[in-house]
Amino acid sequence: MAYRKVCDTQTGPLVGEALHCSGELDLDWDLDKEDLQKPGPSMDGMQMQHVDCQLSGCSDPGPDPDPDLMDSIQPSVSVSPHGRFERLQEDPNYISHFTRAPGHKGQRRLQCSLLRYFLAGLGLFLLGLLIGWFTHTPTVKPPTLPAETSDLLEELLKGITADKINALQRSFSILSESTEEARARYLYRQWVEMGLTDVHLSNHTVLMSLPGSTPNTITDRSTHQCFLPNGIRCDQRGLSDLPKQQFSYAAYSAIGSLQGEVVDVQYAGLDDLRRVKYSLNLTSQIAAVKLGKAPLLYKLSLLSELGFAGVLLYVDPCDAPAGHRVSRQAFRVTLNPGGNPANDGMSKESAGSLTSMLVQPISAFLAKTILSSSSAAQGDSCIPIAMPPNTERKKITLTVGNQFFYKKIYNVVGYLKGKKNPDRYVLVGSRHDSGLGCSASAIMNQLIAALTEQTRRGWVPDRTTVFCSWGGSVLGNIGSYEWGKENSVVLQSSAVAYVSLNSPVRGTETLRATASPTLLQLTSDIQRRQLLSCIRGGNCPGPNVTSLQLPGDVSFFANQLAVPTMEFAFEQTKAEETTSFLSEAQFSAESPESLDPLFKFHETIAKMTAEAILRLVNDPVLPFYPLDIALDVQNKLKGNSAFIYNPSMKRWQLRFFTPGILSTSSLASVD
């Protein structure tokens, strides 16, 4: 329906289709529905007339409307008591001059319809993509290994037993008195027989430093008593003592004879050297130095700068491992930081020595005698060796008679090729010199035998394993340095890790694992898993993993090539990291049979190393947590200083760190 307003109560013809009134009308809609539907009796006689609208001020009504149109409208007029309204019924001839805007409801319906069409189209598109993906994906599955990694590890560890390692060690120990060439050729034949198809035997001619025909001596000038390095008087030595005394020397030390006063500098730390520098004339004197707490080469560099001409080295019994008696034992050290000394531009005046000082290791018993010390072990307490205050310093004569000559050393290198990444290398290194080299070679041979057995059963590693047995290790890791320099370009870009078997069983007290920060998590996982089946019947130590720089042949790969390294070893000591440099002293090695009669410790090291090799050559991604590196750096900075090896200078340096800043200051000085 449509309604139009009729102005005023006068009747007359309606002009136009609408009236324009100037005044406001109060419209009431109080009529009931029935009143609106039933026309009143006055409707029949009512006529529409023209209204002048003078009272309301209406505008000119315009021309008269069409009579035919008016006749169609009149019968449907209803009147309200408060004003008259026209109700226009639906008429096909009626045309309204007012257009209504489309409603919000219609717009909403249109938008919803468009959204439905869009979602339906998108769903069909995604469904088509999925159907095409699955119908065109190849159904050929990637090749799988013959066995799962866990099953392969179990089979690998089953092939490693203490009896097998014992048999391999006995066969190799027969050659302990033979030349290095004989031992290297024996390993070459063994590796080929075990299944390594690519084995190389190489040699290098290097400058060697060995004991002279007569032992080195220390003579007390006040009493004219002559002592051998282990403390025995020269006139009391027997024929059996000669090999032991020849073992006690410092390789690449200067040779000759020196007279001077003995100065006690303890560990040759900065505080110790400042104390003696301002109270004594140190030129051409002889320093008595304890091993430990700092690298030996770093100590010697400081002593040389202060003017010392000779050095006596000893190990304080208070620093020695529990149960390890070093009081009357002499030892050997090397002053060679690594490689062939002849390649470093050695001057003719040096005659083969790497220092201008005379250096000689002595026993703790002889050091106590020379320093007039009253140190003694009392139960669990220990009094360190030290010269008492106000004690007259002894004058001695130090004689060093080492020999220098050129000799060949031999390396044995074998490859177990990988399939997916044959140009990625996992290095496993041991040594074949006498002493500790016997047990290291036995474990290495057992690992090769176990791994090649798995390859014969169908296993193929992803990466290449490089087995290395080094020569010249005791004189400064010469073999590993020379081979590493020859292959440095390849190793820097392609070496994954170096697993060390330098000294796998040097005690039975502590199982220690050492690894670079990037391999700490892997090393911890392996050690924790192996400790579950502890050889001590449940009384097992917890995981003990450190990130110290490893001694031995691994040093070149870690320090100069930045190859991640790891090692598992049994030790006799529970000493903290500050005394780890005691390993620089090479004592006469105990036979593997005396250290580990049942070879159970050797078996444990072999199994842990085998698992490490398997994980390194097979795992696509190795476990690594950046937090390990952050914690390791934090622990190293607790003391605000650290020893850093400088490859270019081939010396150890002490660097001081500013708290909170990971930068180093200049080399520490004793000034």
Min side-chain heavy-atom separation F467-L451 under 4.5 Å:
yes
Residue pair S353 / S253, side-chain heavy-atom distance below 4.5 Å
no
The side chain to side chain donor-acceptor pair (under 3.5 Å) partners of S473 (sequence neighbours excluded) come to D553
Donor-acceptor under 3.5 Å (R506 side chain, S503 main chain)
yes
I'd like to check F599 versus T604 (side-chain heavy atoms, cut-off strictly below 4.5 Å). Are they in contact?
no
For S209, is there any backbone N or O sitting under 3.5 Å from a side-chain donor or acceptor partner on Y249?
yes
Side-chain heavy-atom pair I409, W470 within 4.5 angstrom cut-off
no
Just verifying a value: how many Å separate F405 CZ and L210 CG, rounded to the nearest 0.5 Å?
4.0 Å
Gap between atom NZ of K407 and atom CG of L475 - 0.5 Å precision
9.0 Å
Any sub-3.5 Å donor-acceptor pair from R463's side-chain atoms to D619's backbone N or O?
yes
What is the minimum heavy-atom distance between P564 and T518, and which atoms define it?
CB-OG1, 3.6 Å
Sequence neighbours excluded, which residues qualify as side chain to side chain donor-acceptor pair (under 3.5 Å) partners of S171?
Y186
Flag for W191-N445: side-chain donor and acceptor within less than 3.5 Å:
yes
Starting at CG of N402, measure out to CD of Q360 and round the result to the nearest 0.5 Å.
7.5 Å
Relative to the ring of Y415, is the ring of H200 parallel (under 30°), tilted (30 to 60°) or perpendicular (over 60°)?
perpendicular
Under the side-chain contact (heavy atoms from CB on, under 4.5 Å) test, residues paired with L201 that sit two or more places apart
A184, R185, Y188, Y410, V412
So, using side-chain contact (heavy atoms from CB on, under 4.5 Å) as the criterion, who are the partners of Y406 when residues are at least two apart?
T205, L207, A342
Worked verdict on V289 versus L312 for side chain to side chain contact (heavy atoms under 4.5 Å, CB included)
CA-CA 6 Å; V289 183; L312 298 176; over 6 Å; no
Can you find a pair of side-chain heavy atoms, one from V428 and one from I613, that are under 4.5 Å apart?
yes
Could you report the tightest heavy-atom contact between F557 and G484, atom names first, then the distance?
CE2-CA, 4.3 Å
Who passes salt bridge (charged side-chain N to carboxylate O under 4.0 Å, His left out) against R424, sequence neighbours left out?
none
Go through I255 and F404 one step at a time and tell me if the side chain to side chain contact (heavy atoms under 4.5 Å, CB included) criterion holds.
CA-CA 10 Å; I255 58 176; F404 299 93; 3.9 Å; yes
Working to the nearest 0.5 Å, report the span between CZ of R183 and OG of S441.
8.5 Å
Can you spot which of Q527, E571, E567 makes a side chain to side chain donor-acceptor pair (under 3.5 Å) with R512?
E571
Summary of salt bridge (Lys or Arg N to Asp or Glu O under 4.0 Å) pairs that have at least one residue in residues 470-484, sequence neighbours excluded
E482-K485
If we only count heavy atoms from C-beta on, is the V499 to T609 side-chain gap below 4.5 Å?
yes
Do S494 side-chain atoms and L491 backbone N/O form a donor-acceptor pair below 3.5 Å?
no
I443 side, atom CD1; I448 side, atom CD1 - distance, nearest 0.5 Å:
12.5 Å
For K607, salt bridge (charged side-chain N to carboxylate O under 4.0 Å, His left out) partners two or more places apart
E603
Looking only at atom types and distance, does a side-chain atom of Y481 sit under 3.5 Å from a main-chain N or O of P337, one as donor and one as acceptor?
yes
Between S555 and G552, is there a donor-acceptor pair closer than 3.5 Å when you use the side chain of the first and the backbone of the second?
yes
Check step by step if side chain to side chain contact (heavy atoms under 4.5 Å, CB included) holds for V563 and L427.
CA-CA 10 Å; V563 177; L427 284 73; 5.7 Å; no
If I compare all heavy atoms of L519 with all of M566, which pair ends up nearest, and what's the gap?
CD1-SD, 4.1 Å
For V359 against T355, the heavy-atom pair lying closest together
CG2-CG2, 4.4 Å
Test of understanding: with salt bridge (charged side-chain N to carboxylate O under 4.0 Å, His left out), list the residues that count as partners of E611, not counting sequence neighbours.
R529
Could you walk me through whether L522 and L616 pass side chain to side chain contact (heavy atoms under 4.5 Å, CB included), step by step?
CA-CA 9 Å; L522 174 63; L616 290 169; 3.8 Å; yes
Classify the side-chain pair S469/H432 by whether it contains a donor and acceptor separated by less than 3.5 Å.
yes
Who pairs with S304 by side-chain contact (heavy atoms from CB on, under 4.5 Å), at least two apart in sequence or on another chain?
S356, M357
Any side-chain heavy atom of Y252 sitting closer than 4.5 Å to one from P341?
yes
Sub-3.5 Å donor-acceptor pair from the side chain of K299 to the main-chain atoms of G292, do we have one?
yes
Ignoring hydrogens and angles, tell me if any N or O in the side chain of N477 forms a donor-acceptor pair with the backbone of G338 under 3.5 Å.
no
Pair S516, T565: side-chain N/O donor-acceptor within cut-off below 3.5 Å
yes
Side chain to side chain donor-acceptor pair (under 3.5 Å) with N166: which residues, sequence neighbours excluded?
R170
List the residues meeting side-chain contact (heavy atoms from CB on, under 4.5 Å) with Q454, not counting sequence neighbours, and say none if there are none.
L152, E155, L156, R457, W459
Could you state the interatomic distance from CD (Q586) to CZ (F331), rounded to the nearest 0.5 Å?
10.0 Å
Identify the heavy atoms of Q492 and Q560 that sit nearest to each other, and give their distance.
NE2-O, 3.8 Å
Partners passing salt bridge (charged side-chain N to carboxylate O under 4.0 Å, His left out) against D198 (at least two apart in sequence or in another chain)
none
Could you tell me whether the side chain of E486 reaches within less than 4.5 Å of the side chain of H204, counting heavy atoms only?
yes
Any donor-acceptor pair under 3.5 Å from N411 side chain to W483 backbone:
no
Testing the basics here: between Q446 and G159, what is the closest heavy-atom pair and its distance to 0.1 Å?
NE2-O, 3.5 Å
With no hydrogens and no angle check, is any side-chain donor or acceptor of T464 less than 3.5 Å from a backbone partner on Y425?
no
